[in-house]
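Heads up: the structure comes next, in structure tokens.
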Amino acid sequence: MEVEIKLRLKDEEAHARLAAALKASYRTTHEQENYFFDGSSAELSSARVILRLRFYNFDKKALLTVKGKQVLVDGVGRCPETEVEVPPVQARGYLSNPNKLLEAGLPLVDGLKQQYGLKGLKGLGGFRNVRQEFDWEGLVLELDQTRFDHGTVYELEAETPKPEEVKPKLEALLTKHGVAYADSASSKFANFIQKSLR
């Protein structure tokens, strides 16, 4: 079960202000491309299951992820998640021919095939994200700038098994540095599908 704190930053200024405040603990930056798939008869979306293929820094790494139904309440998201690394060149081929995923012999996909009776896959498109990572008080903070075709959103995420302890600390950090924020009301995937910026 993945548990993440998700705080939506008001705008680009808030994003830049937080990046500056965390500069001393900067770790790395990932240029991410995120692409999504559904069953040819919407078998996955009907079950609120997400199948995502993510590329890091063009073709340095590719991860295939299955996420179950997410519950997002008060800026804390919880959902079952399983992922596997796949060769980037092979992964690029799945974008032009999604059905190759069903034939790849990946246990992750074979499980979906069996559970949901998948006969085919279709690509849904995707979005880009620039993620800066920072080491902060024993946590990895992820500062995101997510670019959809319909606009851009900014978000701070932190994965933790103790969100009730960590979230107030993050809120204090943001308040201290004058960073305008609110609890995230929807996931990036939901923003993508609904063409919203909530």
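For this chain, numbers begin at 1 and follow the sequence in order.
- Here the shortest heavy-atom pairing between A180 and A14 reads O-CB, 3.7 Å.
- The two residues P88 and F55 come nearest to each other via the heavy atoms O-CE2, 3.7 Å.
- Pairs of residues two or more places apart, or lying in two chains, that qualify as salt bridge (Lys or Arg N to Asp or Glu O under 4.0 Å) and include a residue from residues 12-23 are E13-R17.
- In this structure a side-chain-to-backbone donor-acceptor pair under 3.5 Å is missing from S46 to E43.
- Connection of L139 to Y26 is established within a shared hydrophobic cluster, with ILVMFWY side chains joined at heavy-atom distances below 4.5 Å, either directly or through further cluster members.
- Judged as a salt bridge (Lys or Arg N to Asp or Glu O under 4.0 Å), and not counting sequence neighbours, the contacts of D183 are K167.
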Without placing hydrogens or testing angles, list every side-chain donor-acceptor pair under 3.5 Å for residues 158-165, not counting sequence neighbours.
residue	atom	partner	partner atom	Å
T160	OG1	K162	N	3.0

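- Applying the salt bridge (Lys or Arg N to Asp or Glu O under 4.0 Å) test to E31 and every residue at least two apart in sequence or in another chain returns nothing.
- Of all non-hydrogen atoms in L9 and L156, the two that sit nearest each other are CG-N, 4.3 Å.
- Applying the side chain to side chain donor-acceptor pair (under 3.5 Å) rule to pairs touching residues 109-124 yields nothing, sequence neighbours excluded.
- A donor-acceptor pair is defined here as one N or O able to donate and one able to accept, closer than 3.5 Å; no such pair exists between the side chain of T152 and the backbone of R147.
- Across every non-hydrogen atom of A91 and V86, the tightest pair is CB-CG2, 3.8 Å.
- In the hydrophobic cluster analysis, where Ile, Leu, Val, Met, Phe, Trp and Tyr join through side-chain heavy atoms closer than 4.5 angstrom, I50 is grouped apart from Y94.
- Going from atom CG of L108 over to atom CG of L101 covers 9.5 Å, rounded to the nearest 0.5 Å.
- A 4.5 Å side-chain heavy-atom check between L112 and F37 finds every atom pair outside the cut-off.
- Under the salt bridge (Lys or Arg N to Asp or Glu O under 4.0 Å) criterion, E157 pairs with K6, R131, K188, not counting sequence neighbours.
- To the nearest 0.5 Å, atom CD of residue E142 and atom CZ of residue F134 are 11.0 Å apart.
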Listing, residues 62-77 side-chain donor-acceptor contacts under 3.5 Å, not counting sequence neighbours, or none:
residue	atom	partner	partner atom	Å
T65	OG1	R52	NH2	3.4
T65	OG1	E83	OE1	3.2
K67	NZ	E2	OE1	3.3
K67	NZ	E81	OE1	3.3

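- Between L173 and L18, the closest side-chain pair of non-hydrogen atoms falls below 4.5 Å.
- Atom-to-atom distance recorded for L7:CG and E155:CD is 8.0 Å, nearest 0.5 angstrom.
- Between the CG atom in N97 and the CG atom in L121 there is a gap of 10.0 Å [rounded to 0.5 Å].
- No continuous path of ILVMFWY side-chain contacts below 4.5 Å connects I193 to L44, so the two sit in separate hydrophobic clusters.
- By the 30° and 60° cut-offs, the orientation of the rings of Y56 relative to H30 is perpendicular.
- For the ring-ring contact (aromatic ring centres under 6.0 Å, His included) test, residues two or more places apart in sequence or in another chain that qualify with H150 are F148.
- The stretch residues 189-198 participates, sequence neighbours left out, in these side chain to side chain donor-acceptor pair (under 3.5 Å) pairs: R8-N191, S186-N191, N191-S196.
- Of all heavy-atom pairs between F192 and G125, the closest is CZ-C, 3.5 Å.
- In this structure, a donor-acceptor pair under 3.5 Å is present between the side chains of N129 and T146.
- If you chain together hydrophobic residues whose side chains sit under 4.5 Å apart, V153 and Y181 never meet in one group.
- Here L143 contributes atom CG and L22 contributes atom CG; the two are 7.0 Å apart, rounded to the nearest 0.5 Å.
- Both V84 and L118 sit in one connected hydrophobic cluster of ILVMFWY residues. Membership requires side-chain heavy atoms under 4.5 Å apart, directly or through other members.
- Legend: residues meeting ring-ring contact (aromatic ring centres under 6.0 Å, His included) with Y154, ordered by chain and number and at least two apart, are H15.
- Judged as a salt bridge (Lys or Arg N to Asp or Glu O under 4.0 Å), the pairs with a partner in residues 90-101 (not counting sequence neighbours) are, in order, E33-R92, D59-R92.
- Residues passing the salt bridge (Lys or Arg N to Asp or Glu O under 4.0 Å) test with D38: none are found, sequence neighbours excluded.
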